[in-house]
Amino acid sequence: VAKEKYKEAEDVYRTIKISMQSQTLGNDTGEFFIREMISKRKQFSKFSASRIGSKIIELTTGYGEKLGNIGFTIIGIILVCMILYGIDGVKYGDPINGDRIIGFFETSDIQKHGILNMLGNLFYFSVVVYSTVGFGEMLPVGPIGKTTMIFEGLIGGLVLAILIIA
C-alpha cells in the first residue's frame, strides 16, 4: 500500500515539476524534482543498494539541486583525503628545498618547515588531485595514498560534473 502511495506521489510531483518547467519557474521546479526523487527512493526495498545510493546522492548533492550540499561534499572529500595523504606521506619535489617526504609522521620535515607548511602542502595536493589538474610535483608514497588518489580523482571528476550541470 505504501509503495502505491509513493508511486502516486512521484507521479504528482513529476506532473507539477513539468508544469512549472513550462512556466519557467526554475527554483521551485528543483524542489519538486527533489520530492519526486525521494518518493521514487521510498519505493525501493528498505536496505537495497538503489535506496542507499539514492540517499547518499540526496545528502551529498541534493540530486544536483542544492549547491550548498555539493560545496560541503567537495570540502569534506578534500579534507578527508588530505588526512589520508598525511598518514601515508607524499613525496614533494620542492624546487627550493629539494625532494622531501611530507606527512604527519615525518617529524624531521615538520621540525624544519613547520606544521602549517605540511598541512598547506597536503591540502594543496588534495585540491590538485580532486580538481584532476595533476601538476606532478607531488606523488603519494604508500598504498593508502595511491588508493586515495584514485578515489579522489574519480569522485572529484564526478562531483565537479554535477556542479557544472547544477
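Everything quoted here is computed from the prediction, not taken from an experiment.
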Are V90 and I101 packed together at the side-chain level, in the sense that at least one heavy-atom pair is separated by less than 4.5 angstrom? no

Please examine the side chains of F123 and I78, heavy atoms only from C-beta on, and report whether any two atoms are closer than 4.5 Å.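 With C-beta onward as the side chain, the pair touches.
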
Distance from [X] atom [atom1] to [Y] atom [atom2], nearest 0.5 Å?
X	Y	atom1	atom2	result
Q23	Q21	CD	CD	11.0 Å
L119	I83	CG	CD1	9.0 Å
I87	F104	CD1	CZ	6.5 Å
C81	I155	SG	CD1	9.0 Å
S54	K42	OG	NZ	10.0 Å

Contacts of type side chain to side chain donor-acceptor pair (under 3.5 Å), residue [X], not counting sequence neighbours:
X	answer
N69	none
R14	E10, D11, E36
D28	none

Residues that, via side-chain heavy atoms closer than 4.5 angstrom, fall in one hydrophobic cluster with I18: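 Reading the cluster by chain and number, I18 sits alone, since nothing else belongs.
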
Quick one: hydrophobic cluster around I38, which other residues, with the 4.5 Å side-chain cut-off, linked directly or via members?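 Cluster partners of I38: F33, I34, M37, I57, Y63.
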
Single-linkage hydrophobic cluster [X]~[Y], side-chain heavy atoms < 4.5 angstrom:
X	Y	value
I74	L158	no
L160	L154	no
L122	L79	yes

Whether over 12 other heavy atoms sit under 6.0 Å from K7 NZ: yes

Taking atom OH as the centre, does Y6 end up with more than 12 heavy-atom neighbours from other residues, nucleotides or ligands that are less than 6.0 angstrom away?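 Atom OH in Y6 is not crowded, with 12 or fewer foreign heavy atoms closer than 6.0 Å.
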
Residues two or more places apart in sequence or in another chain: which of them pass side chain to side chain contact (heavy atoms under 4.5 Å, CB included) with [X]?
X	result
I110	I115, M118
I56	I52, T60
E4	none

Assess the residue pair I70 and L67 against the criterion (side-chain contact (heavy atoms from CB on, under 4.5 Å)); give the C-alpha distance rounded to whole Å, side-chain angles, the decisive distance to 0.1 Å, and a yes or no. CA-CA 5 Å; I70 296 171; L67 294 178; 4.2 Å; yes

Taking only residues at least two apart or on different chains, which pairs with a member in residues 47-64 satisfy salt bridge (charged side-chain N to carboxylate O under 4.0 Å, His left out)?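 Every salt bridge (charged side-chain N to carboxylate O under 4.0 Å, His left out) pair that includes a residue of residues 47-64, provided the two are not neighbours, is R41-E58, K55-E58.
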
Pairs touching residues 101-128 that satisfy salt bridge (charged side-chain N to carboxylate O under 4.0 Å, His left out), sequence neighbours left out: R100-D109

Side-chain atoms of residues 134-151: list all donor-acceptor pairs with protein atoms under 3.5 Å, sequence neighbours left out, distances to 0.1 Å.
| unit_1 | atom_1 | unit_2 | atom_2 | d |
| --- | --- | --- | --- | --- |
| E137 | OE2 | Y124 | OH | 2.6 |
| T147 | OG1 | P143 | O | 2.8 |
| T148 | OG1 | I144 | O | 2.7 |

Pair listing, side chain to side chain donor-acceptor pair (under 3.5 Å) test, anchored in residues 71-85, at least two apart: Y85-E152

